[in-house]
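To keep things clear, I will list the structure first and then write my remarks on it.
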Amino acid sequence: MTIITRFAPSPTGYLHIGGARTALFNYYFAKHNKGKFLLRIEDTDQERSSQEAIDAILESMKWLGLNWDQDVVFQSKCQKRHTQIAADLYKQGKAYYCQCPKEQLQEMRETAMKEGRQPGYDGRCRDKGHTTGALRLRTPDEGSVNIEDEIQGKVTIQNDHIDDMVILRSDGTPTYMLSVVVDDHDMGITHIVRGDDHLTNAFRQYHLYSAMGWTMPTMAHMPLIHGQDGAKLSKRHGALGAETYRDMGFLPEAMRNYLLRLGWGYGDEEIISDARATELFTLDRIGKSPSRFDLKKLEHLNAHYIRESDNDRLLKMITPLMDEKLGKSLSDTQKSWILQGMDGLKQRAKTLIELADNAAFYAYDLPIEIRDEKAEKFADTESRSIIKNLIGDLENLNEWTHDSLHTVAKEYSEKQDLKLVKIAQPIRVALTGTTVSPGVFDVLEIFGKEESLKRLKDFAR
RNA sequence: GUCCCCUUCGUCUAGUGGCCUAGGACACCGCCUUCUCAAGGCGGUAACACGGGUUCGACUCCCGUAGGGGACACCA
């Protein structure tokens, strides 16, 4: 049997981090089983759905590399089928119309709660024979439902805790409960992997499956991601959109690795490639307790993937960031400096933003602005005179390489009985305007004799 | 309130009755390396919520307690 999973977001906003993880788990699970991963947009609520949200979700999915199989299914386009199913259920007497007004339903819930009962509809319209109103599914009052959940294990709920749910609103439109079940069935979904906030829905949906005579897909309800306060992460509760992380300078592969490890583990493995994840991902390794989002760990992973990343790719990614930051376009020379310096830059950045910031000095114009107080300390008269004295030696240098430059500085320091720092730091400040950068001799070599002396002379004057 | 679920270092987790004096990773601290900052190497602080069972033996199984979370719409 081909395993088919789906991710089914409702387009009421961006793709938040919890949704992204759900999609990722579905994706890896499908890939692991050489199955299919489908995408369905649950846009039945026309009021709350928007094209912008759909676009944002699709874009985030693509950015994360969560490539779905086949065409996107739009739930709104399946409405006819949903109402047809509802009509069949009504004809078979498995559903009935209810005309209770909203206030009355509200009252029912409140009194039930007050009396310590499970709140819900009491089924009073079951045999009234209405032919209009909201269509409700007749569910059994006795017995219980068992679900063998791949993550939660065996979960049982008594049927008297499940009320007759509405499957068709009084305006004739299908509800989510109906639509998911029909669509999942029609799409041939074999495994539903979703947040455990849907766990109780599974039981209600079970009754729909059985009313239709369909077999329910295998269920897997994964624990949610919590915020720092321990409460469910949601759009209005600290969950950021995937594109926010992109804008913060995170790499999609870092994102995937981090999200994968949030709630899933395989021994001591931390750095897990896509191929490895596909090879290893099984549902039984998903933990049962909720986890919290930890930005520090994401940053650590991101730094790792930046270091592993190809220099050309990194340059391409930071170029627009730098153009914006500097208010000008990078010249070809500057790009080539940055590219040559990338090995030194990329091991010092946790995000692409940092990488762009750290690379900026390659594109500075003269005079180099002293950026901070620490740098000021190495821009005093003593430092400037050291540089002035050094310039002579450098001008006579034929071979402009890291090693030869290092030698010149070292010999000078020994001659003057100075620590190398006393020379290296002023050079760094002259070149970059700060006290933090990749190795100065590397930077000197990359700039070449001409640019280096230009910056040093300007500093020493 | 009712039902369901959860509980190992601050965080993510390994652990499926003896391998656990509880392992790894992030964060934190120290040392080494060193032209700065990183990276890297070495080391350190730090956890089985609690109480009962079961068992020769429990982080692992059972039952309670406490704490946390989720769900209870003509939203999805």
Side-chain angles (χ1 to χ4, degrees), chain A residues 8-12 42-45 47-49 75 98 100 102 105-106 109-110 112-121 133-136 149 151-153 155-158 160-163 165-171 173 175-177 179-180 195-201 203-204 221 223-224 226 228 230-232 258 261-271 287-301 303-304 307 344-350 358 374 378 406 409-410 413 419-429 432 434-441:
Chain A
S10 59
T12 54
E42 312 238 303
D43 56 348
T44 45
D45 187 343
E47 289 291 307
R48 300 202 304 154
S49 301
Q75 190 159 68
C98 163
C100 296
K102 239 186 167 103
L105 296 170
Q106 181 64 30
R109 272 193 291 274
E110 277 166 13
M113 226 182 267
K114 216 179 294 166
E115 289 167 15
R117 304 196 322 272
Q118 175 83 3
Y121 179 65
L135 192 66
R136 287 183 184 271
D149 191 280
I151 297 168
Q152 304 290 336
V155 187
T156 307
I157 282 189
Q158 298 299 317
D160 60 5
H161 286 288
I162 301 169
D163 66 358
M165 64 187 161
V166 172
I167 56 176
L168 229 47
R169 302 188 186 90
S170 19
D171 65 1
T173 58
T175 60
Y176 160 80
M177 278 308 167
S179 301
V180 244
D196 71 9
D197 49 343
H198 282 284
L199 184 61
T200 49
N201 286 340
F203 292 89
R204 329 191 78 181
H221 289 92
L224 304 170
H226 284 178
Q228 274 316 303
K232 169 185 172 181
Y258 179 72
R261 286 285 291 102
L262 209 53
W264 182 91
Y266 190 87
D268 287 345
E269 295 192 33
E270 295 288 346
I271 304 291
K288 294 179 80 173
S289 52
S291 39
R292 298 186 188 206
F293 195 86
D294 180 12
L295 197 65
K296 279 282 197 296
K297 191 153 184 178
L298 208 210
E299 282 178 341
H300 172 262
L301 247 14
H304 169 84
R307 267 178 264 132
L345 291 169
K346 69 183 181 184
Q347 60 179 321
R348 292 171 168 79
K350 291 195 289 291
N358 296 346
K374 281 185 192 157
F378 291 101
H406 185 254
K410 194 145 198 181
S413 75
K419 290 206 168 200
L420 191 56
V421 204
K422 297 289 275 180
I423 297 162
Q425 282 300 61
I427 297 175
R428 172 170 285 113
V429 172
T432 70
T434 72
T435 52
V436 175
S437 83
V440 273
F441 304 110

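Labels below follow one simple rule: chain letters A, B, ... track the order of the sequence lines, proteins then strands, and each chain is numbered from 1.
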query = Given atom CD1 of I271(A) and atom C1' of G24(B), what is their separation to the nearest angstrom?
reply = 12 Å
query = In whole Å, what is the span from the NZ atom of K419(A) to the P atom of U36(B)?
reply = 10 Å
key: Under-3.5 Å donor-acceptor pair between S170(A) side chain and C74(B) base   = yes
task = Could you check how far CG of N358(A) sits from P of U36(B), rounded to whole Å?
result = 17 Å
request  = Answer yes or no: does a side-chain N or O of K232(A) lie under 4.0 Å from OP1 or OP2 of A71(B)?
outcome  = yes
query = Taking only side-chain nitrogens and oxygens of H161(A), does any of them come within less than 4.0 Å of OP1 or OP2 of C3(B)?
reply = no
key: R307(A) vs G40(B): side-chain N/O to OP1/OP2 distance below 4.0 Å   = yes
message = Between the base of A39(B) and the ring of H304(A) - centre-to-centre under 5.5 Å, planes within under 30° - is that a stack?
response = no
query = Is there a donor-acceptor contact under 3.5 Å linking the side chains of S437(A) and R428(A)?
reply = yes
key: Closest-nucleotide ordering on RNA chain B, the 5'-leading residue of K410(A) and G287(A)   = G287(A)
query = If you look at every strand shown and take non-hydrogen atoms under 4.0 Å, does E42(A) touch a base, only sugar-phosphate, or nothing?
reply = sugar-phosphate
request  = For M165(A), report the nucleic acid contact type (base, sugar-phosphate, nothing); a contact means any heavy atom under 4.0 Å.
outcome  = nothing
request  = Have a look at V166(A) and say if it touches a base, only the backbone sugar-phosphate, or nothing, with a 4.0 Å heavy-atom cut-off.
outcome  = sugar-phosphate
task = With RNA chain B as reference, determine whether Q118(A) or V421(A) sits nearer its 5' end, using the nearest nucleotide of each.
result = Q118(A)
ask   = Between R261(A) (side chain) and I271(A) (backbone), is there a donor-acceptor pair under 3.5 Å?
value = no
remark   = Answer for the Watson-Crick or wobble partner of U33(B), both distances under 3.5 Å, is none
ask   = What is the distance, rounded to the nearest whole Å, between atom CG of D197(A) and atom P of C4(B)?
value = 18 Å
query = Under 6.0 Å from the NZ atom of K350(A), do we count more than 12 heavy atoms belonging to anything else shown?
reply = no
ask   = Are any of T44(A)'s side-chain N or O atoms less than 4.0 Å away from OP1 or OP2 of A76(B)?
value = yes
request  = Report which part of the nucleic acid H198(A) touches: base, sugar-phosphate, or nothing (heavy-atom distance under 4.0 Å, all strands).
outcome  = base
query = Taking OP1 and OP2 of U13(B), is either one under 4.0 Å from a side-chain nitrogen or oxygen of S291(A)?
reply = yes
request  = Would you state whether a donor and an acceptor, one from the side chain of K296(A) and one from the base of C26(B), lie under 3.5 Å apart?
outcome  = no
message = Between R109(A) and A73(B), is there a contact of a side-chain N or O with OP1 or OP2 at under 4.0 Å?
response = yes
request  = Please state how far atom NZ in K346(A) lies from atom P in C37(B), giving the value in whole angstrom units.
outcome  = 22 Å
query = Heavy atoms under 4.0 Å, any strand shown: does R261(A) hit a base, just sugar-phosphate, or nothing?
reply = base
query = Hey, does T173(A) reach any base, or is it just sugar-phosphate, or nothing, if we go heavy atoms under 4.0 Å?
reply = nothing
message = Taking 4.0 Å as the cut-off, does a side-chain nitrogen or oxygen of K288(A) come that near to OP1 or OP2 on C6(B)?
response = yes
